[in-house]
Amino acid sequence: QVQLVESGGGLVQPGGSLRLSCAASGFTLDNYGIGWFRQAPGKEREGVSCVSASRSTTYYTDSVKGRFTMSRDNAKNMAYLQMNSLKPEDTAVYYCAAGTYCSGYRGPKVINYWGKGTLVTVSS
């Protein structure tokens, strides 16, 4: 069974931190680009960050630069999104996806697999 499963979401106060995890099963992430996306209620899904299989470059959308850091651990078949200094506007369902090389922060140019998402709520 091929799956991507996100975890680590929850309720956090503004200025707080969360680390999201993306666990792959049924396939290996080694040769995939990995993207993080988010979708707020009633809004379109947007790319947040992406790292290609080569790990030569990690991309971030401007709104999260300096606050979010994504990484990957091929030995564990996982990827992560460390989110610091969270703001209410970061509230969204966060998804990870695996595919081809990154098209900048917008994510892999072609996506093969999507996770089902984990909810992050930033509120006081």
Side-chain angles (χ1 to χ4, degrees):
Q1 186 175 24
V2 175
Q3 283 187 302
L4 285 175
V5 179
E6 303 93 338
S7 62
L11 176 64
V12 64
Q13 292 185 325
S17 298
L18 285 174
R19 188 176 81 151
L20 305 183
S21 298
C22 174
S25 60
F27 74 107
T28 57
L29 289 173
D30 297 44
N31 294 324
Y32 290 86
I34 304 170
W36 283 98
F37 301 80
R38 65 186 182 185
Q39 186 171 23
K43 297 184 179 180
E44 295 294 316
R45 183 173 58 210
E46 63 175 344
V48 175
S49 183
C50 190
V51 61
S52 294
S54 67
R55 302 194 298 276
S56 60
T57 307
T58 305
Y59 304 92
Y60 301 93
T61 189
D62 285 346
S63 64
V64 309
K65 285 181 179 177
R67 300 189 297 121
F68 290 11
T69 303
M70 83 164 292
S71 59
R72 61 189 299 164
D73 187 338
N74 289 342
K76 295 182 178 179
N77 216 26
M78 296 186 70
Y80 307 92
L81 183 67
Q82 178 67 46
M83 306 185 296
N84 299 325
S85 302
L86 283 161
K87 304 174 180 179
E89 50 263 46
D90 295 318
T91 296
V93 176
Y94 284 73
Y95 303 86
C96 65
T100 61
Y101 56 90
C102 297
S103 182
Y105 68 84
R106 295 174 178 86
K109 185 174 179 65
V110 177
I111 293 173
N112 299 105
Y113 308 109
W114 283 100
K116 294 183 178 180
T118 186
L119 177 63
V120 173
T121 302
V122 184
S123 176
S124 60

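Predicted, not measured: the structure shown is a model, and the values here were computed from it.
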Check [X] against [Y] and note the closest heavy-atom contact, atom names and distance.
X	Y	value
I34	C102	O-SG, 4.5 Å
A97	P108	O-CG, 4.4 Å
L86	L18	CD1-N, 3.9 Å
T58	S49	CG2-OG, 3.9 Å
S17	Q82	CB-NE2, 4.0 Å
T118	G8	OG1-N, 4.3 Å

Sub-4.5 Å side-chain heavy-atom contact between [X] and [Y]:
X	Y	value
Y105	C50	no
V51	Y59	no
S123	P88	no
V120	L20	yes
C96	E6	yes

For this session: Say whether L29 and M78 are linked into one hydrophobic cluster, either directly or through other cluster members, by side-chain heavy-atom distances under 4.5 angstrom.
Result: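 Per the 4.5 Å side-chain linkage, L29 and M78 are not co-clustered.
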Problem set entry | Path from V64 to V12 over hydrophobic side-chain contacts below 4.5 Å |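 Yes, it is one cluster - the side chains of V64 and V12 are joined through contacts under 4.5 Å.
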For this session: Check whether the ring centres of F68 and W36 lie less than 6.0 Å apart, and answer yes or no.
Result: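 Between F68 and W36, the centre distance exceeds or equals 6.0 Å.
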Exercise. Between F27 and Y113, does the ring centroid distance fall short of 6.0 Å?
Worked result: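 Centroid distance F27-Y113: below 6.0 Å, so yes.
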For this session: Please say whether more than 12 non-hydrogen atoms of neighbouring residues, nucleotides or ligands are located less than 6.0 Å from CG in N31.
Result: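 Atom CG in N31 is not crowded, with 12 or fewer foreign heavy atoms closer than 6.0 Å.
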For this session: Could you tell me whether the side chains of T28 and N77 share a donor-acceptor contact shorter than 3.5 Å?
Result: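 No.
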For this session: Begin with the C-alpha distance, continue with both residues' side-chain angles, and end with the deciding distance and a verdict on side-chain contact (heavy atoms from CB on, under 4.5 Å) for Y60 and M70.
Result: CA-CA 9 Å; Y60 301 93; M70 83 164 292; 4.2 Å; yes
Distance check, rounded to the nearest 0.5 Å: [X] atom [atom1] versus [Y] atom [atom2]?
X	Y	atom1	atom2	answer
S103	I111	OG	CD1	10.0 Å
Q3	S25	CD	OG	4.5 Å
D90	S63	CG	OG	7.0 Å
N74	D30	CG	CG	4.0 Å

Exercise. Any ion pair linking K65 and D62 (charged N to carboxylate O, less than 4.0 Å)?
Worked result: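 Looking at D62 and K65, the cut-off is met.
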Problem set entry | Salt-bridge contact R38-E46 (side-chain N to carboxylate O under 4.0 Å) |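 Yes, this pair counts.
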Problem set entry | Flag, side chain of Y95 to backbone of R45, donor-acceptor distance under 3.5 Å |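 Judged by distance alone, no pair lies under 3.5 Å.
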For this session: Using atom types as modelled and distance alone, determine if a side-chain donor or acceptor of R67 lies under 3.5 Å from a backbone N or O of S85.
Result: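 Side chain of R67 to backbone of S85, a donor-acceptor pair under 3.5 Å: yes, one is there.
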For this session: Answer yes or no for R72 and Y80: cation-pi contact, defined as NZ/CZ to six-membered ring centre under 6.0 Å and angle to ring axis within 45°.
Result: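 Ring-cation test returns no.
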For this session: Would you check, one step at a time, whether the test side-chain contact (heavy atoms from CB on, under 4.5 Å) holds for L4 with W114?
Result: CA-CA 6 Å; L4 285 175; W114 283 100; 6.0 Å; no
Exercise. Does the side-chain contact (heavy atoms from CB on, under 4.5 Å) test come out yes or no for M83 and T69, once each step is laid out?
Worked result: CA-CA 7 Å; M83 306 185 296; T69 303; over 6 Å; no
